[in-house]
Amino acid sequence: MGQPEDTVSPAKGQLFIVSAPSGAGKTTLCREILKRFPRMRYSVSHTTRVPREGEKPGKDYYFVSAEAFEAGIADGLWAEWARVHDHYYGTSVRFLDEARENGIDVLLDIDVQGTRQMIRRFPDSITVFIMPPSPEVLRRRLNGRGTESPEAIERRMTAARQEMAQRGIYRYTVVNDDLDVAVAKLADIIHCHSPRN
Ligand code: ADP
Ligand code: 5GP
């Protein structure tokens, strides 16, 4: 026998976690996904890195000082956090809890270290690793974006190898070769795990 209707709580929002080596096209893919799923919310991370040209505070990231971020660690503000490329990055636990309670699906763009923490904390998260078609294409995209110095690009290429070696912890892998194909695959995964979208 089912529960009386007034005690049935609505389904919680689903968490969709996307990771990729820097330059693989995760930001581009996430933007396309958010256009297609207007009810989905993007988890805006907090970071101590400086904004890139065109990035907007509160939309792309909340840009905070290292002191504020470390105070957040002590106060338990982060559902997960990590140091990536010499900066702190973290996800607001309050934002995730509120969205989930209200049945709102959330898209997170976080790194592999953060994903490991999220899998422990929210084991029902849907995790997707975005792969570049090849290391050569990844290097070309990083160069083409024009936001990093040659040294920073080399550091990101080394980190990419380490991140790609850990893609086995993710439920799905999507290769971002043709953008439209990759968006369609990601959209299929979301539809499959959240029919309300
Ligand atoms: P990430 O967020 O993973 O660091 P970006 O979304 O910033 O990567 O993409 C890196 C660069 O590659 C950008 O200049 C972007 O326009 C380009 N790019 C992304 N996806 C594709 C694709 N499928 N084909 C060609 N170029 C792409
Ligand atoms: P970028 O500086 O290029 O925007 O991001 C660098 C890396 O940090 C990317 O791999 C991105 O997924 C990751 N990242 C962004 N926000 C978070 C976050 O809140 N937590 C974690 N763990 N990683 C994040």
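Counting starts at 1 for both ligands and their atoms, in listed order. Note that the structure is predicted; figures quoted are calculated from it, not measured. Every heavy atom of this structure was used, including side-chain atoms; hydrogens, water molecules and symmetry mates were not. Position 1 is the first residue of the sequence; numbering continues from there.
- Atom 6 (O) of ligand 1 has its closest protein heavy atom at T28 OG1, 2.6 Å.
- Of the protein's non-hydrogen atoms, T27 OG1, 2.3 Å is the one closest to atom 2 (O) of ligand 1.
- Ligand-side atoms of ligand 1 in range of L179: 23 (N), range being under 4.0 angstrom from any heavy atom.
- Of the candidates G144, A182, C30, G25, it is G25 that places a heavy atom closest to atom 9 (O) of ligand 1.
- The environment of CZ in R167 is sparse: at most 12 heavy-atom neighbours from other residues, nucleotides or ligands sit within 6.0 Å.
- Contact between W78 and ligand 2 is absent, with no heavy atom of the residue lying under 4.0 Å from the ligand.
- No hydrogens or angles considered: a donor-acceptor pair under 3.5 Å links the side chains of T115 and S19.
- The ligand atoms of ligand 2 that sit less than 4.0 angstrom from a heavy atom of R49 are 1 (P), 2 (O), 4 (O).
- The closest approach between a heavy atom of D177 and any atom of ligand 1 is below 4.0 Å.
- For D105 (side chain) and M40 (main-chain N/O), no donor-acceptor pair under 3.5 Å exists by modelled atom type.
- From the protein, the heavy atom lying nearest to atom 19 (O) of ligand 2 is S45 OG, 2.6 Å.
- Ligand 2 has no atom lying under 4.0 Å from any heavy atom of H87.
- Distances from ligand 1 to the non-hydrogen atoms of A20 include no value under 4.0 Å.
- When hydrogens are left out, the protein atom nearest atom 3 (O) of ligand 1 is K26 N, 2.8 Å; that is the closest non-hydrogen contact.
- The distance criterion of under 3.5 Å between nitrogen or oxygen atoms is not met by V84 with respect to ligand 2.
- Residue H46 places every heavy atom at 4.0 Å or more from ligand 2.
- Within the 4.0 Å heavy-atom shell around ligand 2 one does not find Q113.
- Heavy atoms of E148 stay at 4.0 angstrom or farther from ligand 2.
- Closest to atom 20 (N) of ligand 1 among all protein heavy atoms lies N176 ND2, 3.1 Å.
- Looking from atom 10 (C) of ligand 1 to the surrounding protein, the closest heavy atom is G23 O, 3.5 Å.
- Counting only heavy atoms from C-beta outward, the side chains of H46 and S92 approach each other to under 4.5 Å.
- Comparing heavy-atom distances from atom 22 (C) of ligand 1 across R145, R141, R156 singles out R141 as nearest.
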